[in-house]
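Read through the structure below, which is laid out as structure tokens, and then see the notes.
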Amino acid sequence: MVLSDRTIKEELAAGRIVVDPLDVADIQPASIDLCLGDEFRVFRSTRYPFIDPTVSQPGLTELITATRAEPFVLHSGEFALATTRECVTLPDDILGRLEGKSSLGRIGLLIHSTAGYVDPGWTGYLTLELSNVSNLPILLSPGMKIGQISFERMTTPVDRPYGSPMLGSHYQGQVGPTPSRALDRS
């Protein structure tokens, strides 16, 4: 069941859901608005002729920091990783669903390709998979509202929350736009 604003506020007050920083004005009827952080990760197309997900490719991406005075420009057809301003922590019986803002989708900005699911037990900043499917560049300014997270209660607490040692959770505790760790075997 999707949590209502009333239940979201109760879970926040109890410390079971943590969104930091949180402006209570960002609590919507069934979600919390999230803002864009200031770090972006772009692919360096001159370093490798292609992306090979089966091998390590050091330096495949480059970290860029944007400011309100110098925002990040996502050109038409481009893909970049970004991060939320907020750190999100979930208990072992609630999952999160990340979605884009309708107003941004209507100008061609997609905020995730596949990473819209936030597992119970998660803690960290959310990495956004930004795609510009419009035919014009889009200016992205740190602090702007970029998406929303809704919450669903599980039927029972999970046996192995995200971050459990036996799961090999590659992104637990991540800070900033984190590139693929598909090859991490730890």
Side-chain angles (χ1 to χ4, degrees), residues 19-23 25-28 30-90 95-119 122-151 170-184:
V19 176
D20 185 34
L22 175 67
D23 181 342
D26 289 337
I27 300 173
Q28 300 300 316
S31 65
I32 297 175
D33 285 341
L34 298 175
C35 296
L36 185 62
D38 64 355
E39 293 184 327
F40 298 82
R41 194 166 279 283
V42 296
F43 287 91
R44 297 172 66 189
S45 60
T46 58
R47 182 126 176 134
Y48 296 98
F50 51 83
I51 298 171
D52 183 348
T54 66
V55 299
S56 177
Q57 292 181 296
L60 179 63
T61 63
E62 175 182 3
L63 189 64
I64 294 173
T65 302
T67 65
R68 287 184 187 236
E70 291 187 37
F72 182 80
V73 178
L74 187 63
H75 291 275
S76 181
E78 284 189 342
F79 175 85
L81 299 175
T83 187
T84 56
R85 179 180 64 187
E86 298 84 4
C87 182
V88 176
T89 301
L90 299 179
L95 66 88
R97 292 199 183 269
L98 177 66
E99 295 297 339
K101 298 291 290 175
S102 173
S103 56
L104 296 176
R106 293 170 194 225
I107 61 170
L109 181 66
L110 308 178
I111 70 160
H112 72 82
S113 302
T114 61
Y117 192 84
V118 185
D119 281 304
W122 165 268
T123 190
Y125 294 81
L126 301 175
T127 292
L128 306 170
E129 303 159 337
L130 303 177
S131 295
N132 179 354
V133 297
S134 76
N135 59 358
L136 294 171
I138 300 173
L139 234 61
L140 300 172
S141 183
M144 69 183 279
K145 290 186 181 185
I146 193 72
Q148 56 197 359
I149 187 168
S150 62
F151 306 95
H170 297 300
Y171 305 103
Q172 183 73 315
Q174 75 182 8
V175 175
T178 304
S180 176
R181 293 181 176 161
L183 294 173
D184 288 355

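Just so it is clear, the values below take in all heavy atoms, side chains as well, and ignore hydrogens, waters and symmetry mates.
Summarising the geometry, atom CD1 belonging to Ile51 is positioned 13.5 Å from atom CZ belonging to Arg47; distances are rounded to the nearest 0.5 Å. Lys145 contributes atom NZ, which lies 13.5 Å from atom CG of Leu36 (distance to the nearest 0.5 angstrom). In this structure, the separation between CG on Leu128 and CG on Leu34 is 8.0 Å, given to the nearest 0.5 Å.
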Q. Going through the distances and angles, do Asn132 and Glu78 end up as a side-chain contact (heavy atoms from CB on, under 4.5 Å)?
A. CA-CA 6 Å; Asn132 179 354; Glu78 284 189 342; 5.5 Å; no
Q.
If you apply the rule side-chain hydrogen bond (donor to acceptor under 3.5 Å, both in side chains), what do you find for Thr127 with Gln174, and how did you get there?
A. CA-CA 8 Å; Thr127 292; Gln174 75 182 8; 3.0 Å; yes
**Q.** Derivation of the side-chain contact (heavy atoms from CB on, under 4.5 Å) call for Leu140 and Leu109
**A.** CA-CA 10 Å; Leu140 300 172; Leu109 181 66; 3.7 Å; yes
(Q) Quick one, Thr178 with Leu81, criterion side-chain contact (heavy atoms from CB on, under 4.5 Å). Give me CA distance, side-chain angles, the key distance, then yes/no. (A) CA-CA 8 Å; Thr178 304; Leu81 299 175; over 6 Å; no
Q) How far apart are the C-alpha atoms of Tyr48 and Phe43, what are their side-chain angles, what is the distance that settles it, and do they pass the side-chain contact (heavy atoms from CB on, under 4.5 Å) test? A) CA-CA 10 Å; Tyr48 296 98; Phe43 287 91; over 6 Å; no
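When side chains are defined from C-beta on, Thr89 does not count as touching Asp20, because their heavy atoms never get closer than 4.5 Å. At a threshold of 4.5 Å between non-hydrogen side-chain atoms, the residues Phe40 and Leu130 count as touching. Contact annotation: the side chain of Glu99 approaches that of His112 to within less than 4.5 Å [non-hydrogen atoms, C-beta and beyond]. Side-chain contact check for Val19 versus Asp26: every heavy-atom pair is 4.5 Å or farther apart. Using a 4.5 Å heavy-atom cutoff, the side chains of Val88 and Ile32 are not in contact. No side-chain heavy atom of Tyr125 sits under 4.5 Å from any side-chain heavy atom of Glu86. Side-chain atoms of Ile146 and Leu104, non-hydrogen and from C-beta on, do get closer than 4.5 Å to each other.
Residues Pro177 and Leu63 come closest through the heavy atom pair CG-CD1, 3.8 Å. Taking every heavy atom of both residues into account, Asp33 and Lys101 meet most closely at OD1-NZ, 2.9 Å. The minimum heavy-atom distance linking Ser150 with Ala30 is given by the pair CB-O, 3.3 Å. The minimum heavy-atom distance linking Gly147 with Ile111 is given by the pair CA-CD1, 3.9 Å. When all heavy atoms of Pro142 and Arg68 are compared, the pair lying nearest together is O-NE, 3.4 Å. Between Ile107 and Ser134 the shortest heavy-atom distance is O-CB, 3.2 Å.
Heavy-atom neighbours of Glu70 CD from other residues, nucleotides or ligands within 6.0 Å: at or below the threshold of 12.
In this structure, Arg41 contributes its side chain and Thr83 its backbone to no donor-acceptor pair below 3.5 Å. Remark: side-chain polar atoms of Gln172 are not paired, donor with acceptor, to backbone N or O of Gly124 under 3.5 angstrom.
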